Chemist: 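Right, I'll just put the structure down here and ask away after.
Counting convention: from 1, in listed order, for ligands and their atoms alike. Residue numbers count from 1 along this sequence. Model, not experiment: these values are computed from the prediction.
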Amino acid sequence: MMVTKNIKMADVVHMNHFCLSILDRFGIELGFGDKTVEETCHDFKVDPDFFLEIINAFIDKDYFPKKQLQSFSVKLITEYLQKTHSYYIEIKVPEIELLIEQMVETCSTQKENMGLLKRFFSEYESELKNHIQREENDVFPYTQMIEKAYYSNNIDKSVIKNMDEYSIDIFEKEHDNIEEKLFDLKNIIIKYLPQPNNKNLCQNLLHELFSLEKDINDHSRIEDTVLVPKIRTMEKEIRKRAGSKS
Ligand SMILES: [Fe+2]
Ligand SMILES: [Fe+2]
């Protein structure tokens with residue numbers, strides 16, 4: 001079922017409780033009573049149309065309104081992506097680390113395997129942090145510069161120089177698949193790790209890894225199929241207006 005503006009926000013959470021993390025990224029706090037999605041968005045100063053596209057794409061992986069999402073500003077899209085980065089680094093990664101730590105502590109028989117698991121995840125954590133840093137330090141500022149130039153009457157020479165040195169094509173080429181390693185980690189646990197002492201911890205860990213993987217898939221899809229083509233179109237238009245070759 002699609003989320004619409006007139007549905008109660010509480011029903012959205014009942015429909016799919018994983019939406020809670022999306023609400024949090026938009027700064028929407030619980031306690032919205034019987035208010036609709038539109039009313040709640042209004043209370044928290046959230047663009048309801050953007051919220052709806054993001055939440056529907058998150059709930060249903062077959063629903064992905066690329067064109068509608070591309071119609072929102074680069075600022076809105078990158079702010080959402082940035083909040084998602086913070087959610088991974090500040091909340092999800094520490095939660096997973098804690099579960100692994102607890103598994104190491106409660107495991108009396110296979111310390112070595114647990115140690116490997118811990119190392120594997122800490123390597124993943126550094127990769128994820130590097131990936132995010134690159135986007136926040138280089139890519140997002142570049143996309144915001146492009147948007148600013150696109151809407152300004154005069155194209156500054158420095159914009160063209162920046163575009164000559166960097167382009168969204170470079171980002172697209174370098175944008176590595178950060179979900180793949182999570183899939184490998186899940187597989188190690190599911191296929192090869194002998195059942196740890198605390199089965200419950202192991203299941204919680206797998207649950208967290210599945211949900212992080214799904215979330216990152218959704219996130220990367222926005223970067224690759226919404227942000228990249230949107231910026232590419234703007235770059236072309238800027239070059240055209242500046243009279244230089246594309
Ligand atoms: Fe990202
Ligand atoms: Fe990314």
Chemist: For E135, what is the atom name of its N, O or S atom nearest to the Fe ion (ligand 2)?
Modeler: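 The closest N, O or S atom of E135 to the Fe ion (ligand 2) is OE2.
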Chemist: Look at K118 together with E101 and state whether they make a salt bridge at an N to O cut-off of under 4.0 Å.
Modeler: yes
Chemist: Salt-bridged, K230 to E147, with N to O below 4.0 Å?
Modeler: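 Looking at K230 and E147, the cut-off is not met.
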Chemist: Check all N, O or S atoms of E223 and name the one closest to the Fe ion (ligand 2).
Modeler: OE1
Chemist: Using only heavy-atom distances, determine whether the side chains of H42 and E38 contain a donor-acceptor pair under 3.5 Å.
Modeler: no
Chemist: Got V228 and R232 here, is their nearest side-chain heavy-atom distance under 4.5 Å?
Modeler: yes
Chemist: Less than 4.0 angstrom from a charged side-chain N to a carboxylate O is my criterion; do R239 and D164 meet it?
Modeler: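 Looking at R239 and D164, the cut-off is met.
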Chemist: Just checking: H131, one of its N/O/S atoms, less than 2.8 Å away from the Fe ion (ligand 1), yes or no?
Modeler: no
Chemist: Output the atom name for the N/O/S atom of H85 with the smallest distance to the Fe ion (ligand 1).
Modeler: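 Of the nitrogen, oxygen and sulfur atoms in H85, the Fe ion (ligand 1) lies nearest to NE2.
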Chemist: What is the name of the N/O/S atom in H175 that sits closest to the Fe ion (ligand 2)?
Modeler: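 So the atom name we want here is NE2.
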